[in-house]
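To start, the structure under review is shown below, and the notes come after it.
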Amino acid sequence: MTASQQVDVLIIGAGAAGLMCAISAGQRGRKVLVVDHANKVGKKILMSGGGRCNFTNMYAEPDNFLCENPHFFKSALARYTQWDFIELVGKHQVPYHEKKLGQLFCDNKASDIVDMLLSECDQAGAQVRTHCSIESVAYDTGKTCYLVKTTLGDIAAESLVVATGGLSIPTMGATGLGYELAEQFGLRLLPRTAGLVPFTLSKEQLAPFASLVGSSADVRISCGEQSFRENILFTHRGLSGPAVLQISSYWQPGKDISIDWSPDRNLMDFFQQAREERPKAELKTVLANLHTKNWANVFCEHWLNSQPMNSYSDKQLQALADQLHGWTILPAGTEGYRTAEVTLGGVNTDDLSSKTLEAKNQPGLYFVGEVVDVTGWLGGFNFQWAWASGHAAGSFA
Ligand code: FDA
């Protein structure tokens with residue numbers, strides 16, 4: 001194959017990680033081309049954060065990330081931190097605010113972030129082409145370069161960066177190309193599943209919650225050792241809301257999740273006090289103070305037997321308190337990639353350099369962003385990994 005175009009660095013995928021990689025490589029004087037099969041760049045950035053892009057988190061630290069090797073991502077995250085990205089946002093005068101828990105969102109539109117990245121690409125001399133599909137990728141060992149057949153012509157590149165993202169929201173252009181390329185070049189893959197995704201419940205499990213659909217409650221949710229304090233939302237299909245999205249990344253089919261409906265208040269104390277102060281009041285009236293009247297009615301009708309408070313013994317009150325502090329449910333499944341924000345698993349980090357994101361056994365081949373087995377919590381952490389890994393590879397590719 002003779003290439004119609006020759007570049008130093010070819011990046012497949014003009015999303016968050018690919019564009020950041022292009023900026024860093026371009027700033028080093030490398031001739032960079034980013035190609036994407038979509039009709040526009042950064043589609044996931046545009047739809048993220050409800051259209052306002054939660055672009056990073058002020059409190060990002062290693063504990064906020066999941067990876068088979070819990071040390072792998074530390075180096076890249078330390079070399080391009082949330083403060084580096086915040087500085088870039090400031091340089092471009094993109095207005096933003098903290099919504100909660102250190103989550104930074106654009107004041108206006110997510111397109112401010114895409115415009116900023118494209119302007120940086122332009123200044124760094126990196127070219128970006130959309131509507132470009134990849135037909136094949138080969139490595140020429142003699143010339144030590146990659147030969148990539150695309151619908152826009154053949155491209156030869158010294159370094160090839162795979163920034164094709166994960167599998168979530170296929171309608172937005174997600175494909176498995178990154179995983180296929182990893183396998184083609186002998187890198188191992190870890191099983192992929194939908195993360196940051198709502199739970200589905202069976203018909204029988206859903207029935208009691210019918211009148212609660214659309215309402216939310218502040219809870220502590222746990223799965224195994226991991227727990228999150230956030231809101232849970234009842235939906236037509238099951239359970240959602242930030243608490244559920246967070247814990248879904250730690251859940252496996254067949255595992256129970258546990259919900260503490262009163263994360264701040266010791267319910268035994270609360271019930272004993274209510275029994276003393278309002279002996280004739282029914283449990284459902286007392287419980288209405290915890291969340292809503294409707295919530296209390298549903299729980300009393302289906303799981304707790306509502307009686308006047310003075311009819312309960314201490315033992316019975318303790319049992320009720322235990323039930324509500326550690327209410328367990330077995331999700332039927334998740335909504336899958338159709339609505340998931342991220343893909344867990346992916347390219348095995350054992351086969352990548354944590355410093356450069358280059359494949360250990362394939363010179364000049366890099367993997368960045370979500371295609372790699374690094375997943376962040378909800379709250380801007382996934383973009384921070386995209387920026388940091390893109391920057392790390394762009395500093396060496
Ligand atoms: P990304 O998916 O951004 O980019 C991959 C690119 O590769 C795409 O442009 C795609 O078209 C291209 N591509 C794929 N296959 C290709 C092929 N075969 N040929 C050519 N090009 C190809 N995170 C966060 O931190 N804060 C937030 O607010 C949100 N919100 C959010 C909302 C929703 C609805 C979703 C689905 C996701 C989020 N996320 C998020 C997660 C975040 O969007 C995600 O982790 C990053 O976009 C990952 O960046 P990448 O660059 O790795 O992939």
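These numbers come from a predicted model, not from an experiment. Read the numbers this way: they start at 1 and go in the same order the structure lists the ligands and their atoms.
- Salt bridge Glu158/Arg30: present, at least one basic N to carboxylate O contact under 4.0 Å.
- A salt bridge does not link Arg52 to Asp112: none of the charged side-chain nitrogens sits closer than 4.0 Å to a carboxylate oxygen.
- Of the polar atoms of Gly369, none of the N or O atoms is found under 3.5 Å from an N or O of ligand 1, judged by distance alone.
- Comparing Ile169, Asn39, Ile45, Asn54 by heavy-atom distance to atom 28 (O) of ligand 1, the nearest is Asn54.
- At a 3.5 angstrom cut-off on N or O pairs, Phe383 counts as close to ligand 1.
- Close approach of ligand 1 to Ala163 is summarised as follows: ligand atoms under 4.0 Å from at least one heavy atom of the residue are 5 (C), 6 (C), 7 (O).
- By the criterion of a heavy-atom distance under 4.0 Å, the backbone of Phe381, and not its side chain, is placed next to ligand 1.
- Near Ala340, the atoms of ligand 1 lying under 4.0 angstrom from a non-hydrogen atom of the residue are 36 (C).
- The side chain to side chain donor-acceptor pair (under 3.5 Å) test applied to Gln205 returns Ser202, not counting sequence neighbours.
- Nearest non-hydrogen protein atom to atom 34 (C) of ligand 1 is Met47 CE, 3.8 Å.
- Of all the atoms in ligand 1, the ones that sit under 4.0 Å from a non-hydrogen atom of Gly15 are 3 (O), 4 (O), 6 (C), 9 (O), 51 (O).
- With hydrogens left out, the protein atom closest to atom 15 (N) of ligand 1 is Thr175 OG1, 2.6 Å, a heavy atom.
- Distance from atom 22 (C) of ligand 1 to its nearest protein heavy atom, with residue and atom name: His37 CD2, 3.2 Å.
- Scanning all protein heavy atoms for the shortest distance to atom 45 (O) of ligand 1 gives Glu370 OE1, 2.9 Å.
- Looking only at protein heavy atoms, the nearest one to atom 41 (C) of ligand 1 is Glu341 O, 3.7 Å.
- Under a 4.0 Å criterion applied to the non-hydrogen atoms of Gly49, ligand 1 contributes the atoms 28 (O), 30 (N).
- Side-chain N or O atoms of Ser389 include one that pairs as donor or acceptor with a backbone N or O of Gly369 at under 3.5 Å.
- Residue Gly13 approaches ligand 1 through these ligand atoms, each under 4.0 Å from one of its heavy atoms: 6 (C), 7 (O), 12 (C).
- In terms of the ring pair (Phe, Tyr, Trp, His ring centres under 6.0 Å) criterion, Phe271 has no residue partners (sequence neighbours excluded).
- At least one side-chain heavy atom of Leu177 sits under 4.5 Å from a side-chain heavy atom of Leu181.
- A cation-pi geometry, defined here as NZ or CZ lying under 6.0 Å from the six-membered ring centre and within 45° of its normal, holds between Arg192 and Tyr179.
- Between the side chain of Asn294 and the backbone N or O of Ser211 there is at least one donor-acceptor pair closer than 3.5 Å.
- Closest to atom 2 (O) of ligand 1, if we only count protein heavy atoms, is Lys44 CD, 3.6 Å.
- Nearest non-hydrogen protein atom to atom 12 (C) of ligand 1 is Asp36 OD2, 3.2 Å.
- In this pair, Tyr146 and Phe185 present their aromatic rings perpendicular. The plane angle is above 60°, beyond the 30 to 60° band.
- Counting only heavy atoms of the protein, atom 53 (O) of ligand 1 lies nearest to Gly165 CA, 3.3 Å.
- Checked by distance only, ligand 1 and Gly166 stay at 3.5 Å or farther apart across all their nitrogen or oxygen atoms.
- Within a 6.0 Å radius of NZ in Lys43, more than 12 heavy atoms belonging to other residues, nucleotides or ligands are found.
- Ser133 contributes no side-chain N or O that, together with a main-chain N or O of Thr151, makes up a donor-acceptor pair within less than 3.5 Å.
- Atoms of ligand 1 lying under 4.0 Å from any heavy atom of Asn382, numbered from 1 in the order shown and given with element: 23 (N), 25 (O), 45 (O).
- Under 4.0 angstrom from ligand 1, there are no non-hydrogen atoms of Ser133.
- Between Asp314 and Arg275 a salt bridge is recorded (basic side-chain N to carboxylate O distance below 4.0 Å).
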